[in-house]
Amino acid sequence: MELSAKYSPSEVEDKWYAFWLEHKFFHSEPNEKEPYTIVIPPPNVTGVLHMGHVLNETIQDILVRRARMDGKNACWVPGTDHASIATEAKVIKRLAEQGIKKSDLTREEFLKHAWAWTDEHGGIILKQLRKLGCSCDWDRTSFTMDETRSKAVIKVFCDLYDKGLIYRGLRMVNWDPERQTALSDEEVIYHDEHSKFYYLKYMVAEEPGKYAVVATTRPETIFGDVAVCINPKEEKNQWLKGKHLIVPIVGREIPVIEDRYVEIGFGTGCLKVTPAHDANDYMLGQVHNLPAYDILTADAHVDITCLEEDIQKNCQSYQGMDRFVCRKQIAKDLEAAGLIEKIEDYDNKVGYSERTNVPIEPRLSLQWFIRMQHFADIALPPVMDDDIQFYPAKYKNTYNNWLSNIKDWCISRQLWWGHRIPAYFLPGQEGVKDENRKYVVAPTAEEALVKARQIAGYENIEISDLKQDEGALDTWFSSWLWPISLFDGIENPDNDEINYYYPTSDLVTGPDIIFFWVARMIMAGYEYKQAMPFKHVYFTGIVRDKLGRKMSKSLGNSPDPLDLIARFGADGVRMGIMLSAPAGNDILFDDSLCEQGRNFCNKIWNAFRLVTGWNIDDSAAQPEASQQAVKWFANKLNAVVAEVNDAFSKFRISDALMTIYKLFWDDFCSWYLEIIKPAYGAGIDKQTYEATIKFFGDLLVLLHPYMPFITEELWQNLGERAEGETIMFQPTPKAGEYSQEFLAAFELVQGAVNNIRGIRQQKNLSPKEALELKIKGNSFPAELECVITKLANISSIEKVDAWGEEAGVSFVVGIIEMFIPLAGLVNVDEEIAKIKAELEHQYGFLQGVRKKLSNESFVAHAPEKVIAIERKKESDALSRIATYEAQLKVLESSK
RNA sequence: GGGAGUUUAGCUCAGUUGGUUUAGAGCAUCUGCCUUACAAGCAGAGGGUCGGGGGUUCGACUCCCUCAACUCCCACCA
């Protein structure tokens, strides 16, 4: 077979992926084998593959493929997330481009558009994962809004409601005025901001001409002011006690109230209280029994129509103004009226919506919540006790911190795209306040009707009388069930699949969703399966560019993974992303990493070309050097396999890759193959050839989890394969016994070869020119001398008792003294200088060792083993020094 | 304001309970090579005293204190 000198990934990748699919190698069914399960962190259904996914999915694929080769029944379940807010935003944007407003559509019409969008763009990302080589069980592809998953969500909602763990209430929530929905606390991101601190004058009603100064960053909320609060202990504000103040512009007369909440010494000590627009003010309002005027619309425009008529008159000009426009306008107007004492620069934090990046507005609204204390109680211990293990473990702290200060979870969203809240309101409550309206919670309208008819007075209502809550549930309310709902473990809690695959093995995800997702899955796992959802959590880092910046569309620093795959091959990209990916560390990604991956593919490819290009000579005897090489590599392979196994057990999968990389490139190619390489034109003996093929196969198997395509391609061509055979199920090589002594002896051989090569380089000697080697005293194991002979092109090895008078270069490896005669090629002065420098180093070393040994405390305290090592160092150094000194003498006398 | 983490060759990182020839790797760099698998390669070489300071110890990159820089998370100060 003629093979090109370069590996062409595109030619083999699609072929083998199709082969794997065709044979259903990725598919898993429960059987008697040990399961190994991963559920994919479901990407947004309309999302596109980015480098973060590449990292995350590559790690998962490595783990899954490795488990499969270890003989486990590996199952990697793929799927997508409906991503309520993000997707609804995209749909609204597209509708806007067509001139359609969401408000013009009915819920049903809107959902039709949303599903159309989902069908159109959904699953693109899953197709892209195939290009990466991901071995997901595609037959199990799921969606958080498909039937099984949706039923699970609704069932869980009803169940938690029945348990009293879900409640509906009027609360101050984080409001996104752009998308016009409530958000959970976790969906708010705080940014530092340079803003202004406005000092406003509030005239005292009882004492005309006198005023109190109130400092605020949000003057636009003064329409909703209902009190000014002071700390009862604050000296300078004592005179305000019991007084009333007049809100500037608005003209409302409000009381001065006292509460220790106000911090003494901060600002002016006077805090304006606006219960409808600040969480703390709301709390104060509750305590002091104050009204709340909501003066902002859902899209954060001023709306004063809730105020009394005479007050409305004063504020008319602000009606309908955007909140930030109004802020400026009020400042301007107050300034003009002389009601601003001063404006200061002020740094504070402002919350932004994670999804729309719009400043959130604290808003009083009626929402659904989950009582979280119960879930914190069940989810904290397993992580703190390491039943569930985090890699890296530092995230235990983060987890602990969050669960120990848990707040109730706002799960309702004012969106249509998502799971509709299964609460049904009873008819005939027109006059009743929203928060007091009666409802029933049930999975379906029919079941809701049954429940409703049991309530006195509603015995005769019909389904059409019930009004379902308009809201949808937070996306994460479906995601937290993912490891259970994927196996239908909510609706059918005892089915074979859930019993077999759950708990899953490893979860691979980013630390940014530790609260959103990881913690909540653990909660749901213990609530609904009484067991952990996964045993290990591997937290990846963030993929950044080489300057350490986050990858973003606006910076244009985010490479397209498919483009990278086209340039470097999927294996090259996988290797590139894995080269520097210890758990929890950010990855500074650079194309050159993929280049390294591609180069490695090429190296493997060429090694294959070499090995399979040899002709087997049945009559040839195995050369001594080859025999030693085979023995050495067998030992080395065992040692490395043990190392790799250890690395995997600690989730150090980048380390494992680097270890295999060096094994292949340095040990196998640079040493092993060079030793066994037959002379030009000659055939190779059968024994060596077969051993080599075996080694190559083992190496491919070791590499396969990282580089699935090239390893399958070469493995298939490495020997006769039956139809339907695949490297995917070849067992990982076992870590057998190996001789530390033999490996150490071989290292000495390598040292000698390196030295001789170095001498050649310095003396400008061709590799083709054979050299003689003399060895004095100690030597290598005799059987390894032939390796030096071959690799360093040595014509003869002579054992001598002392160096003669001839010119040459000497060197020491370990404590073996060697000499290369080089008549006429030696610059005596140069050699003397070199040896002197070496001697100096040895003297320094010896001195250090002796200082230790002459220290009585050291000899008294240090363990015997350590002292023995120091003594060995001493004698070795002495022996080397003797050698160099003798050489120096010879050289000097030859001058 | 709390908490966590990081700081080791030009870059990215190892360094496992303090002691294994006076600190390792990959990449990059430099030198010499188109040597009959591979120039996406081969061979060789140089380069850190382990952020600063102090301490514990016979001995510290490794433990303690302190200072500095950077990163991240959490928190209602208007």
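Residue numbering restarts at 1 for every chain, and letters A, B, ... go by the order of the sequence lines. Not measured: the values here are computed from a predicted model.
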Tell me the interatomic distance from Lys394(A), atom NZ, to C74(B), atom C1', rounded to whole angstroms. 15 Å
Going 5' to 3' through nucleotides 44-51 of chain B and flagging B where a protein heavy-atom sits under 4.0 Å of the base, S where only the sugar-phosphate is that close, and - otherwise, we get S-------
Using a cut-off of 4.0 Å on non-hydrogen atoms, how would the nucleic acid contact of Leu588(A) be classed: base, sugar-phosphate, or nothing? sugar-phosphate
Answer yes or no for Lys396(A) and Phe390(A): cation-pi contact, defined as NZ/CZ to six-membered ring centre under 6.0 Å and angle to ring axis within 45°. no
Quick check: does any side chain N or O of Asn174(A) sit under 3.5 Å from a backbone N or O of Val188(A), one acting as donor and the other as acceptor? no
Please measure how far the P atom in C11(B) lies from the corresponding atom in A4(B), and state the result in whole Å. 29 Å
Produce the list of close N/O pairs, under 3.5 Å, pairing protein atoms with atoms of nucleotides 33-37 of chain B; give distances to one decimal.
residue	atom	partner	partner atom	Å
A37(B)	O3'	Arg609(A)	NH2	3.3
A37(B)	O2'	Asn606(A)	OD1	2.6
A37(B)	O2'	Arg609(A)	NE	3.4
A37(B)	O2'	Arg609(A)	NH2	2.5
A37(B)	N6	Glu674(A)	OE2	3.0
A37(B)	N3	Asn606(A)	O	3.1
A37(B)	N3	Ala607(A)	N	3.4

Scan residues 646-659 of chain A for pairs that pass salt bridge (charged side-chain N to carboxylate O under 4.0 Å, His left out), counting only residues two or more places apart or in two chains. Asp646(A)-Lys650(A), Arg652(A)-Asp655(A)
How far does the P atom of G2(B) sit from the matching atom of G26(B), given to the nearest Å? 44 Å
Lys349(A) NZ - A75(B) P separation (whole Å): 10 Å
Between the side chain of Asn717(A) and the main-chain N/O of Glu713(A), is any donor-acceptor distance below 3.5 Å? yes
Listed partners of Lys349(A) passing salt bridge (charged side-chain N to carboxylate O under 4.0 Å, His left out), at least two apart: Asp192(A)
Could you summarise the pairing of RNA chain B as dot-bracket text, marking Watson-Crick and G-U pairs under 3.5 Å with ( ) or [ ] inside the strand and | across strands? (((((((..((((.....[....)))).(((((.......))))).....(((((..]....))))))))))))....
Do the rings of Phe197(A) and Tyr346(A) sit parallel, tilted or perpendicular, given the 30° and 60° boundaries? parallel
Under the ring-ring contact (aromatic ring centres under 6.0 Å, His included) test against Phe668(A), which residue among Trp665(A), Phe664(A), Trp671(A) passes? Phe664(A)
Quick tally for nucleotides 14-28 of chain B: nucleotides whose base has a protein heavy atom under 4.0 Å get B, sugar-phosphate-only ones S, the rest -, giving SS---BSBB--SSS-
Show me the protein contacts with nucleotides 71-73 of chain B, counting only N or O atoms at under 3.5 Å.
none

Give one of base, sugar-phosphate or nothing for Val262(A), where a contact means two heavy atoms less than 4.0 Å apart. base
What is the distance, rounded to the nearest whole Å, between atom CD of Glu856(A) and atom P of C58(B)? 13 Å
What's the CZ-P distance between Phe664(A) and G41(B), to the nearest Å? 14 Å
U31(B) and A69(B), which share atom name C1', separated by this distance in whole Å: 38 Å
Just jot down the side-chain hydrogen bond (donor to acceptor under 3.5 Å, both in side chains) partners of Arg171(A), sequence neighbours excluded, or say none. none
Roughly, in whole Å, what's the span from CD in Glu595(A) to C1' in U12(B)? 16 Å
Say we look at C63(B) and G18(B): how far apart would their P atoms be, to the nearest angstrom? 8 Å
Rounding to the closest angstrom, what is the interatomic distance between A25(B) and G46(B) at atom P? 12 Å
Gap in Å between the two P atoms, one belonging to G51(B) and one to U12(B), rounded: 15 Å
Between C65(B) and U56(B), how far apart are the C1' atoms? Round to whole Å, please. 10 Å
Using the side-chain heavy atoms of Asn280(A), tell me which of these nucleotides is nearest: U12(B), C58(B), C76(B). C76(B)
Ignoring hydrogens, what is the shortest heavy-atom contact between Ile710(A) and Cys601(A)? Give both atom names and the distance. CD1-O, 3.2 Å
What nucleic acid atoms does Tyr198(A) come within less than 4.0 Å of, heavy atoms only: base, sugar-phosphate, or nothing? nothing
Least distance between heavy atoms, Gly548(A) atom then Leu588(A) atom: CA-CD2, 3.6 Å
Rounded to whole Å, please give me the gap between CG in Leu714(A) and C1' in C38(B). 13 Å
Decide whether His288(A) and Asp259(A) meet the rule of one side-chain donor and one side-chain acceptor closer than 3.5 Å. yes
Closest-nucleotide mapping onto RNA chain B: is Lys546(A) or Phe600(A) further toward the 5' terminus? I mean the 5' end. Lys546(A)
Expressed in whole Å, how much space separates the C1' atoms belonging to C70(B) and A75(B)? 22 Å
Check for me whether the distance between the ring centres of Tyr843(A) and Phe845(A) falls short of 6.0 Å. no
Please report, rounded to the nearest Å, how far the P atom of A75(B) is from the CG atom of Asn348(A). 16 Å
Taking Asp185(A) first and then Lys407(A), would you say they form a salt bridge - that is, a charged N and a carboxylate O separated by under 4.0 Å? no
Could you go through the ring-ring contact (aromatic ring centres under 6.0 Å, His included) check for Phe695(A) and Tyr672(A) one step at a time? CA-CA 10 Å; Phe695(A) 290 149; Tyr672(A) 176 81; 5.4 Å; yes
Would you mind reading off the distance between Arg567(A) atom CZ and A40(B) atom C1', rounded to a whole angstrom? 14 Å
Across all chains, not counting sequence neighbours, the side chain to side chain contact (heavy atoms under 4.5 Å, CB included) partners of Leu748(A) are Phe780(A), Val813(A), Ile816(A)
Lys236(A): salt bridge (charged side-chain N to carboxylate O under 4.0 Å, His left out) partners, not counting sequence neighbours: none
Would you please name every residue forming a salt bridge (charged side-chain N to carboxylate O under 4.0 Å, His left out) with Glu870(A), sequence neighbours left out? Lys852(A), Lys873(A)
The criterion is ring pair (Phe, Tyr, Trp, His ring centres under 6.0 Å); which residues satisfy it with Phe516(A), sequence neighbours excluded? Trp476(A)
